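Below is one structure, written out as structure tokens; the observations come after it.
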Amino acid sequence: DAGVIQSPRHEVTEMGQEVTLRCKPISGHDYLFWYRQTMMRGLELLIYFNNNVPIDDSGMPEDRFSAKMPNASFSTLKIQPSEPRDSAVYFCASSLVPTRSPYEQYFGPGTRLTVT
Amino acid sequence: DAKTTQPPSMDCAEGRAANLPCNHSTISGNEYVYWYRQIHSQGPQYIIHGLKNNETNEMASLIITEDRKSSTLILPHATLRDTAVYYCIVTYTDKLIFGTGTRLQVFP
């Protein structure tokens, strides 16, 4: 398997513009997670899905952020409008929850977002 | 989830064992101990996990004290490629809460 795929790898945009980040989880995985990493706040969980249904979005910073998972092989994280403080690396991760290793997540390479 | 405490940084000579400690004194009976690492600019990578018993895989060993209040991740023969931030996470839920971790620097 190719692992978790994220696109784009780098995104530079101007304040106020809409940004859409994309993630393709590992085939067969039923959990999908979105994280954000900054120097100041570290690695934060934003939202996660189970079988395409959002389970916990308590980490989503504000209404400007939204996430969808229309099917088992695709998810998006959208920021509208974007602000400079949204600049960060956004990671997507997926997992399959077997009994023995329930919390083993596989992370994608991340999308580095810069908002000017 | 139980809170974990890790030293902010450690050094290790290449070829020597790296022993990374983690304190989780408030751990509850159903919580697992997980270790992940993050090499610069990459996504975190799962290393190993345990509940009560010591565990070993091709990457590392995990030693959990009998009272489960602390654990040690052991990289038996550290290489330069093991330079990374290592996160100790204690959880029983679907969520992984990453702390600040230990920055391990392996030097030649």
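Naming: A, B, ... by sequence-line order, numbering from 1 per chain. These numbers come from a predicted model, not from an experiment.
- Taking every heavy atom of both residues into account, A:Pro25 and A:Phe74 meet most closely at CD-N, 3.9 Å.
- Side-chain contact annotation: B:Tyr34 with A:Gln105, donor-acceptor N/O pair under 3.5 Å absent.
- Residues of residues 58-65 of chain A lying within less than 4.5 angstrom of chain B, judged on heavy atoms, are A:Ser58 in numerical order.
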(request) Decide yes or no on ring-ring contact (aromatic ring centres under 6.0 Å, His included) for A:Phe107 and A:Phe33, but give the supporting numbers first. (result) CA-CA 9 Å; A:Phe107 282 76; A:Phe33 305 81; 8.1 Å; no

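- Listed by first then second residue, pairs satisfying salt bridge (charged side-chain N to carboxylate O under 4.0 Å, His left out) with a partner in residues 68-79 of chain B number zero, not counting sequence neighbours.
- Heavy-atom neighbours of A:Tyr106 OH from other residues, nucleotides or ligands within 6.0 Å: at or below the threshold of 12.
- When the heavy atoms of residues 36-55 of chain A are compared with those of chain B, the residues falling under 4.5 Å are A:Gln37, A:Leu43, A:Leu45, A:Tyr48, listed by number.
- A:Ile79 has its side chain within reach of A:Tyr90: a pair of non-hydrogen atoms, C-beta onward, lies under 4.5 Å apart.
- In plain terms, the two heavy atoms of B:Arg37 and B:Tyr86 that are nearest each other are NH1-OH, 3.0 Å.
- Two residues are said to be in side-chain contact when any heavy atoms from C-beta on lie closer than 4.5 Å; B:Gln6 and B:Leu20 fail this criterion.
- Evaluation of the salt bridge (charged side-chain N to carboxylate O under 4.0 Å, His left out) rule for A:Lys78 yields A:Glu18 as partners, not counting sequence neighbours.
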